[in-house]
Amino acid sequence: DIKNLKEKLMKVSDYIDEETQGIQHLTQKRNAVENEADEVGSLISTMRDKLSGIDKIIEDEGKRISTFKESRKTSSF
């Protein structure tokens with residue numbers, strides 16, 4: 001019966017090895033997804049900064065146009 005016990009223990013050991021490999025694989029996948037999520041977050045932040053810069057440029061240009069129009073009105077009188 002020791003032989004029987006040895007076989008069962010070997011099967012349990014193999015099962016544990018397979019489960020360990022599966023867990024390691026899932027951990028690697030999770031890490032990859034987390035890294036991609038970080039990259040996406042960085043891209044979104046960069047895009048937000050760029051859009052904010054564009055908004056500032058548009059606002060400044062709008063002010064220049066308004067100032068120019070006002071100066072044309074006052075100079076035409």
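Nothing fancy with the numbering, it's 1 onward along the sequence.
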So salt bridge (charged side-chain N to carboxylate O under 4.0 Å, His left out) across residues 4-14, not counting sequence neighbours, yields none
When rounded to the nearest 0.5 Å, the distance separating NZ of K69 from OG1 of T74 is 14.0 Å
To the nearest 0.5 Å, atom CG of N31 lies from atom CG of L26 at 11.0 Å
**Prompt:** T20 side chain to I16 main-chain N or O, any donor-acceptor pair under 3.5 Å?
**Reply:** yes
_Is it the case that the side chain of S13 and the backbone of L9 share a donor-acceptor pair, with hydrogens and angles ignored and the cut-off at 3.5 Å?_
no
Residues 22-31 vs salt bridge (charged side-chain N to carboxylate O under 4.0 Å, His left out), sequence neighbours excluded, gives R30-E34
Output for pair (Q21 CD, E19 CD), nearest 0.5 Å, gives 10.0 Å
Residues pairing under side chain to side chain donor-acceptor pair (under 3.5 Å) where one sits in residues 54-65, two or more places apart or in two chains, turn out to be K56-D60, E59-K63, E61-R64
